[in-house]
Student: 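Provided herewith is a single structure, encoded as structure tokens, for subsequent inquiry.
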Amino acid sequence: MPELPEVETVRRSLTPYVINQTIADVTVYLPRMVRTHDPSGFHAHLVGQTINDLTRRGKHLIWHFPNCLMISHLRMEGKFFVSEESLPKMPHEHVRIQFTSGRVLIYQDVRTFGTFDLYDKPAELSTLKPLKDLGLEPFDAGFSGAYLHDQFNTRKGPIKPVLLDQTIILGLGNIYADEVLFCAGIHPTRKANKISLKRLNNLADCAKNVLKKAIELGGTTIRTYENSLGIDGLFQNELYVHTLENEPCRVCQTPIRRIKLSGRSTYYCKNCQH
DNA sequence: AGCACTGTTTACAT
DNA sequence: TATGTAAACAGTGC
């Protein structure tokens, strides 16, 4: 369930349950999910460590320990789940962290794309491999229409796939890219490097506003997805185009269209977006 | 049954 | 370089 608002929702909901918890045991059922260590090395580094903080960069969760960092990514369908008592292994459970308090943190992932990385504490977070090539989040200082104008300079193709490029804008995925483009009135196939600074200023504002609203509503729940604690987000009620093929546009009643761009379904209103 | 589709990212080809 | 495609995988729906 991972675009920036969903990951932020996971971070916020998990935080009170994991901060100051000390790890008693770690079980990795699917070793390839841990990319930096084998299961015994992962276990050895984490047991006895206390979680000091849980932060986020883009769609990555960053778990802070006294002696190391764990960076996890939910990819398509990763979910964390907290239990106050030990449970039998759950379907699609791949990692379990047992705390000394008796509390348990379980990672479930039907498609098994999620990842865990463990690193020694660096001087700069941005030097770590999963984070080093990432662009600016819409909430970062420096994110602006001018920044986008500069970054889009070499991008001759449709803007939609460019919005998904995490080395430029950090945190947008397929849902919010469509919604941000609708908000900005920009057609998804418009060439990125041909969009005026004025329109990119508007796009930058839309990115901030759409993500802010989505975070406030606990993210988007569509299809079978739900957030970490089993509670649905509410932003699906605020969608204007994504998943709404053939539905009348909420603004002008024109049926919403769906096309494919770089292999991803892309929804837009041909009347509102140019 | 078989294919298309899925909130992501990566390697690889052109 | 930039961009498109396939792949990692499992499940759902038509």
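Every heavy atom of this structure was used, including side-chain atoms; hydrogens, water molecules and symmetry mates were not. Naming: A, B, ... by sequence-line order, numbering from 1 per chain.
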Student: OP1, OP2 of dT8(B) versus side-chain N and O of Lys59(A): anything below 4.0 Å?
Tutor: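 True: Lys59(A) side-chain N/O within range (under 4.0 Å) of dT8(B) OP1/OP2.
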Student: Would you say the side chains of Arg258(A) and Ser265(A) form a donor-acceptor pair under 3.5 Å?
Tutor: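 On atom types as modelled, these side chains qualify, holding a pair under 3.5 Å.
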Student: Please find the pair of heavy atoms, one from Asn201(A) and one from Gly145(A), that lie closest to each other, and give the distance.
Tutor: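 Heavy atoms of Asn201(A) and Gly145(A) come nearest at OD1-CA, 3.2 Å.
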Student: Is any side-chain N or O of Thr112(A) closer than 4.0 Å to OP1 or OP2 of dA8(C)?
Tutor: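 For Thr112(A), the contact criterion (side-chain N or O under 4.0 Å from OP1 or OP2 of dA8(C)) is not met.
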Student: Can we say Glu3(A) and Lys59(A) salt-bridge, meaning some charged N sits less than 4.0 Å from an Asp/Glu carboxylate O?
Tutor: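 Looking at Lys59(A) together with Glu3(A), the answer is no, because their closest N to O distance does not fall below 4.0 Å.
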Student: Can you tell which of Leu170(A), Asp165(A), Leu172(A) makes a side chain to side chain contact (heavy atoms under 4.5 Å, CB included) with Ile168(A)?
Tutor: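 That would be Asp165(A); it is the only one of Leu170(A), Asp165(A), Leu172(A) passing the side chain to side chain contact (heavy atoms under 4.5 Å, CB included) with Ile168(A).
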Student: Reading 5' to 3' and counting Watson-Crick or G-U wobble pairs with both distances under 3.5 Å, write the dot-bracket notation for DNA chain C, | for bases paired outside the strand.
Tutor: .|||||||.|||||
Student: With rounding to whole Å, what would you report as the distance between dG11(C) and dT9(B) at their P atoms?
Tutor: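 So the two P atoms sit 22 Å from each other.
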Student: Taking atom types as modelled, find out whether Tyr107(A) and Asp109(A) have a side-chain donor-acceptor pair closer than 3.5 angstrom.
Tutor: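 The answer is yes; a qualifying pair exists.
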Student: For Glu6(A), is there an ion pair with Arg11(A) - N to carboxylate O distance below 4.0 angstrom?
Tutor: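 No, no charged N to carboxylate O under 4.0 Å.
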Student: Respond yes when some side-chain nitrogen or oxygen of Thr220(A) is under 4.0 Å from OP1 or OP2 of dG7(B), and no when none is.
Tutor: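 No, Thr220(A) has no side-chain N/O under 4.0 Å of OP1/OP2 on dG7(B).
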Student: Could you check which of dG4(C), dT8(B), dT6(B) has an atom nearest any side-chain atom of Pro158(A)?
Tutor: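 Nearest to the side-chain atoms of Pro158(A), counting from C-beta on, is dG4(C).
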Student: Select base, sugar-phosphate, or nothing to describe what Thr115(A) touches, counting heavy atoms under 4.0 Å on all strands.
Tutor: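 Thr115(A): no heavy atom of the nucleic acid under 4.0 Å.
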Student: Would one find a side-chain N or O of Lys79(A) under 4.0 angstrom from OP1 or OP2 of dG7(B)?
Tutor: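 So the side-chain polar atoms of Lys79(A) never come under 4.0 Å of the phosphate oxygens OP1 or OP2 of dG7(B).
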Student: Between dG11(C), dT8(B), dA2(C), which one does the side chain of Arg264(A) approach most closely?
Tutor: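 Selected nucleotide (nearest to the side chain): dT8(B).
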Student: Do the side-chain N or O atoms of Thr154(A) get closer than 4.0 angstrom to the phosphate oxygens (OP1, OP2) of dA2(C)?
Tutor: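 True: Thr154(A) side-chain N/O within range (under 4.0 Å) of dA2(C) OP1/OP2.
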Student: Nearest to the side chain of Gln166(A), heavy atoms from C-beta on, is which of dT6(B), dT9(B), dT3(C)?
Tutor: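 The nucleotide sitting nearest to the side chain is dT9(B).
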Student: Compare side-chain N and O positions of Arg111(A) against OP1 and OP2 of dA8(C) and report whether any pair is under 4.0 Å apart.
Tutor: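 The answer is no; no side-chain N or O of Arg111(A) sits under 4.0 Å from OP1 or OP2.
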Student: Nearest of dC9(C), dA2(C), dG7(B) to any side-chain atom of Met76(A)?
Tutor: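 In terms of side-chain proximity for Met76(A), the closest of dC9(C), dA2(C), dG7(B) is dG7(B).
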Student: Select one nucleotide: of dC5(B), dG11(C), dT8(B), the one nearest the side-chain heavy atoms of Lys260(A).
Tutor: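 The nucleotide sitting nearest to the side chain is dC5(B).
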Student: Nearest to the Ile175(A) side chain among dG7(B), dG11(C), dT9(B), which nucleotide is it?
Tutor: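 Among dG7(B), dG11(C), dT9(B), the one nearest the side chain of Ile175(A) is dG7(B).
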Student: Using atom P in both nucleotides, what's the gap between dC3(B) and dA6(C) to the nearest angstrom?
Tutor: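 It works out to 14 Å between them.
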Student: Looking only at side chains, do Thr22(A) and Thr100(A) share a donor and an acceptor under 3.5 Å apart?
Tutor: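 There is no such pair (donor and acceptor under 3.5 Å, judged by atom type) between the side chains of Thr22(A) and Thr100(A).
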Student: Under 3.5 Å, is there a donor on one side chain and an acceptor on the other for Ser40(A) and Asp38(A)?
Tutor: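 The criterion, which ignores hydrogens and geometry beyond distance, is satisfied for Asp38(A) and Ser40(A).
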Student: Could you state the NE2-P distance from His242(A) to dT8(B), rounded to the nearest angstrom?
Tutor: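 Whole-Å distance recorded here is 8 Å.
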Student: Taking the side chain of Phe113(A) as its heavy atoms from C-beta onward, which of dT8(B), dT9(B), dC5(B) lies nearest to it?
Tutor: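 Looking only at heavy atoms from C-beta outward on Phe113(A), the closest nucleotide is dT8(B).
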Student: Strictly below 4.0 Å: does His92(A) bring a side-chain N or O up to OP1 or OP2 of dG11(C)?
Tutor: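 Yes, because at least one side-chain N or O of His92(A) sits under 4.0 Å from OP1 or OP2 of dG11(C).
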Student: What interatomic distance, in whole Å, is found between P of dA4(B) and the corresponding atom of dT5(C)?
Tutor: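 Pairwise P distance, dT5(C) against dA4(B), rounds to 14 Å.
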Student: Among dT9(B), dG7(B), dT6(B), which is the nearest nucleotide to the side chain of His73(A)?
Tutor: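 Within the option list, the nearest is dT9(B).
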